[in-house]
Amino acid sequence: MPDPGEPGPRYQGLVLDFGGVLTTSMRTNADLFEQAEGVPRGAYRRALRHPDGVRVYRDLEEGRATQREWNDVIGGLLGLPPDDLMRRVLHRLRPEPAVLAAVRRARARGVRTAMLSNSFGLEPYNVYRDLDVLGLFDVVVLSELEGLRKPASEIYRRTCRRLGLAAEHLLFVDDHEVNLAPAEKLGMATLLHTDADATAGHLDALFGPRKELISRIR
């Protein structure tokens, strides 16, 4: 966890990943999808690791493939009908209340907020709209609209510029370590998300009011 440092907080902005940070677990969601579709346990993750699955997911995230193309490829690998497959995969995700509440508290204290997500596609199924989280953020950066994805360093630079803050004044939260390293190289503090309550506690410690910060770091 980053050191809060001397009060008030050195961090003026908060950047968060979407899937598995602002939402419930992506792994649990995959398990529920497999159960509902009647495919063997682990089949979905194996499809994503297949060379064709890797390629189409990368192309979707970078805006070179449509969600329908992803549906066709992943459906074919799973032996499932492709119709609206991304929705069938993701519609069991739920917003993570503890993390969202901590983001609201930070924003209410004047912290600039951004969501930085490797995109799931926006058509025909828009999971960001479905989960109704975008209103919490001053800036939303979706990889497919940028033409590049995490962990490319440029997408972090763009997030900094749009927030109007230097990297050293930002905290970035993600559930994949590979996505944290480029942010750290730019000067951001980073937090590896593993548990919603723990992450919310860290955010409250780092972005809480002056009095709260003093009590936590003594």
Side-chain angles (χ1 to χ4, degrees), residues 15-96 114-131 133-134 137 139-159 172-183 190 192-194:
V15 182
L16 300 104
D17 178 37
F18 174 73
V21 175
L22 297 172
T23 75
T24 48
S25 163
M26 296 297 294
R27 179 175 291 275
T28 300
N29 181 76
D31 292 341
L32 293 172
F33 164 73
E34 290 166 349
Q35 292 170 19
E37 297 284 341
V39 297
R41 185 176 177 83
Y44 176 63
R45 287 184 285 274
R46 287 193 294 274
L48 298 185
R49 292 193 298 267
H50 186 280
D52 291 341
V54 170
R55 174 189 54 78
V56 77
Y57 222 137
R58 178 196 63 222
D59 288 349
L60 175 69
E61 289 179 336
E62 295 182 347
R64 294 192 302 271
T66 67
Q67 194 181 95
R68 288 185 176 88
E69 289 170 327
W70 184 94
N71 291 344
D72 288 340
V73 172
I74 301 301
L77 291 170
L78 290 170
L80 294 174
D83 307 277
D84 211 13
L85 184 62
M86 186 66 84
R87 184 197 63 78
R88 286 156 48 206
V89 169
L90 295 180
H91 79 96
R92 295 170 188 83
L93 279 180
R94 295 292 180 267
E96 190 56 78
M115 185 183 79
L116 171 56
S117 176
N118 283 351
S119 183
F120 296 101
L122 300 175
E123 294 180 346
Y125 178 64
N126 186 332
V127 67
Y128 307 104
R129 183 176 58 213
D130 196 30
L131 269 62
V133 298
L134 299 183
F137 298 97
V139 170
V140 173
V141 181
L142 298 178
S143 63
E144 73 170 292
L145 302 180
E146 303 300 321
L148 71 167
R149 62 179 182 158
K150 296 176 292 184
S153 59
E154 176 58 23
I155 202 165
Y156 302 90
R157 292 191 186 97
R158 292 181 189 182
T159 304
F172 175 54
V173 184
D174 201 290
D175 59 338
H176 293 287
E177 288 192 74
V178 68
N179 292 332
L180 299 179
T190 62
L192 178 65
H193 171 85
T194 58

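- Salt bridge annotation for Arg58-Glu61: absent, with no cationic side-chain nitrogen under 4.0 angstrom from a carboxylate oxygen.
- Remark: Glu146 CD to Leu116 CG distance equals 9.0 Å, nearest 0.5 Å.
- You'll find the side chain of Arg149 stays beyond 4.5 Å of the side chain of Asn179, heavy atoms only.
- The two residues Ala65 and Glu69 make their nearest non-hydrogen contact at CA-OE1, 3.1 Å.
- Val39 has its side chain out of reach of Tyr44: every pair of non-hydrogen atoms, C-beta onward, lies at least 4.5 Å apart.
- Minimum interatomic distance between Ala47 and Leu77 (heavy atoms only, all atoms of both residues): O-CD1, 3.6 Å.
- One distance of note links CD1 of Ile155 with CG of Leu148; it measures 4.5 Å at 0.5 Å rounding.
- For the pair Leu134/Met115, a side-chain contact is recorded, criterion being any heavy-atom separation below 4.5 Å from C-beta on.
- Across all their heavy atoms, Val139 and Val141 have their closest contact at CG1-CG2, 3.7 Å.
- The closest side-chain heavy-atom distance from Asn71 to Met86 is below 4.5 Å.
- Minimum heavy-atom separation, His193 to Val173: CB-CG1, 3.9 Å.
- When side chains are defined from C-beta on, Tyr128 counts as touching Leu142, because their heavy atoms get closer than 4.5 Å.
- Between Trp70 and Asp59, the closest side-chain pair of non-hydrogen atoms is not below 4.5 Å.
- Residue Lys150 is tested with Thr159, Asp174, Asn118 for a side chain to side chain donor-acceptor pair (under 3.5 Å); the sole match is Asp174.
- Rounded to the nearest 0.5 Å, atoms CG (Leu90) and OG1 (Thr23) are 8.5 Å apart.
- Proximity of Arg45 to Arg49: side-chain heavy atoms (C-beta onward) are separated by under 4.5 Å at one or more points.
- The minimum heavy-atom distance between Leu80 and Arg88, with the atom names listed, is CB-NH2, 4.0 Å.
- Here the side chains of Leu145 and Ser119 are not in contact, with every heavy-atom distance at 4.5 Å or above.
- Using a 4.0 Å cut-off between charged side-chain N and carboxylate O, Arg41 and Glu34 make no salt bridge.
- Of all non-hydrogen atoms in Ile74 and Val56, the two that sit nearest each other are CD1-CG1, 4.2 Å.
- The distance from the CE atom of Met26 to the NE2 atom of His176 is 7.5 Å, given to the nearest 0.5 Å.
- Atom CG of Asp175 is separated from atom CG of Leu192 by 7.5 Å, given to the nearest 0.5 angstrom.
- Put simply, NE2 on His91 and CG on Asp84 are 9.5 Å apart, with the number rounded to the nearest 0.5 Å.
- Annotation: Arg68, atom CZ; neighbour count of heavy atoms from other residues, nucleotides and ligands within 6.0 Å does not exceed 12.
- With hydrogens and angles disregarded, a donor-acceptor distance shorter than 3.5 Å links the side chain of Gln67 to the backbone of Phe120.
- Using a 3.5 Å distance cut-off with no hydrogens or angles, the side chains of Asp130 and Tyr125 do pair a donor with an acceptor.
- Surrounding CZ of Arg27 are at most 12 heavy atoms belonging to other residues, nucleotides or ligands under 6.0 Å away.
- Side-chain atoms of Asp72 never come within 3.5 Å of backbone atoms of Pro82 as a donor-acceptor pair (strictly under, hydrogens ignored).
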